[in-house]
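Here the structure is a predicted model, which means the values were calculated and not measured. Just the heavy atoms: all of them, side chains too, but no hydrogens, waters or symmetry mates, feed the values below.
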Amino acid sequence: MLSRIAESLFWIGRYVERADDTARLLDAFVHRALEDPWADEDSACRTLLAILGVDPDKVDGPLDSIVAMRLLAFDDSNPTSIAGALAHARDNARGARETLSSELWECLNVTWQKMPEQRREAARLGPYTF
């Protein structure tokens, strides 16, 4: 039982770190895309997806910042995305809830519960609200 809890705690940390790192990479990517309007957006998006472990060849059609943002921020089925990583962190936290602090559990749970609302806000106002 101790090893199961230790494994859950390890993966909570990894998934939260992955969500944070993905958010930072997306932030840098969006700023770079805004600063250089002459860059090939399709090529840059494919490179970013490949770096983060998403197969860019599975995406139909040309890639742009909006498609990359949807895949890397909002896609629940992709554990590399921000939403997917936070969902996996919450699932691991549910398995080890008795050992977690109430603050950590509340932070993960509230973040996960507000995810649909944040997606709507991000679609309306831009990715920084997410």
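Side-chain contact of His88 with Asn92: a donor-acceptor pair under 3.5 Å is absent, judged by distance alone.
Counting heavy atoms from C-beta outward, Trp105 and Arg94 have side chains that approach closer than 4.5 Å.
Arg90 contributes no side-chain N or O that, together with a main-chain N or O of Gln113, makes up a donor-acceptor pair within less than 3.5 Å. Side-chain atoms of Thr22 come within 3.5 Å of backbone atoms of Thr80 as a donor-acceptor pair (strictly under, hydrogens ignored).
Contact between Ser65 and Cys45 at its shortest, heavy atoms only, is N-SG, 3.8 Å. For the pair Ala89 and Val16, the tightest heavy-atom approach, listed with the atom from each and the gap, is CB-CG2, 4.0 Å. Nearest approach of Arg119 to Ala83, heavy atoms of both residues: NH2-CB, 3.5 Å. Residues Arg32 and Ala44 approach most closely at NH1-CB, 4.2 Å, considering heavy atoms.
Residues meeting the side-chain contact (heavy atoms from CB on, under 4.5 Å) test with Asp75, sequence neighbours left out: Leu71, Ser77, Asn78, Ser81.
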Margin query: Go through it in stages, so that I can follow the logic: the residues are Leu72 and Leu25, the test is side chain to side chain contact (heavy atoms under 4.5 Å, CB included), and I'd like the CA-CA distance, side-chain angles, deciding distance and then a yes or no.
Written below: CA-CA 10 Å; Leu72 296 174; Leu25 283 169; over 6 Å; no
Next item on the list: Run the numbers on Gln118 and Thr111 for side chain to side chain contact (heavy atoms under 4.5 Å, CB included), then give the verdict.
Entry: CA-CA 9 Å; Gln118 291 296 320; Thr111 303; over 6 Å; no
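Under a hydrophobic clustering in which Ile, Leu, Val, Met, Phe, Trp and Tyr are joined whenever their side-chain heavy atoms come within less than 4.5 Å, directly or via other members, Leu100 and Trp112 fall into different clusters. Note: the hydrophobic cluster containing Val54 does not contain Tyr15 (ILVMFWY, side chain heavy atoms under 4.5 Å, direct or indirect links). Trp11 and Leu104 end up in different hydrophobic clusters when Ile, Leu, Val, Met, Phe, Trp and Tyr side chains are linked at under 4.5 Å.
Distance check, rounded to the nearest 0.5 Å: CG of Leu86 to CG of Asn109 gives 12.0 Å. To the nearest 0.5 angstrom, Leu108 atom CG is 11.0 Å from Arg97 atom CZ.
Using a cut-off of 4.0 Å between Lys/Arg side-chain N and Asp/Glu carboxylate O, Arg14 and Glu17 are scored as salt-bridged.
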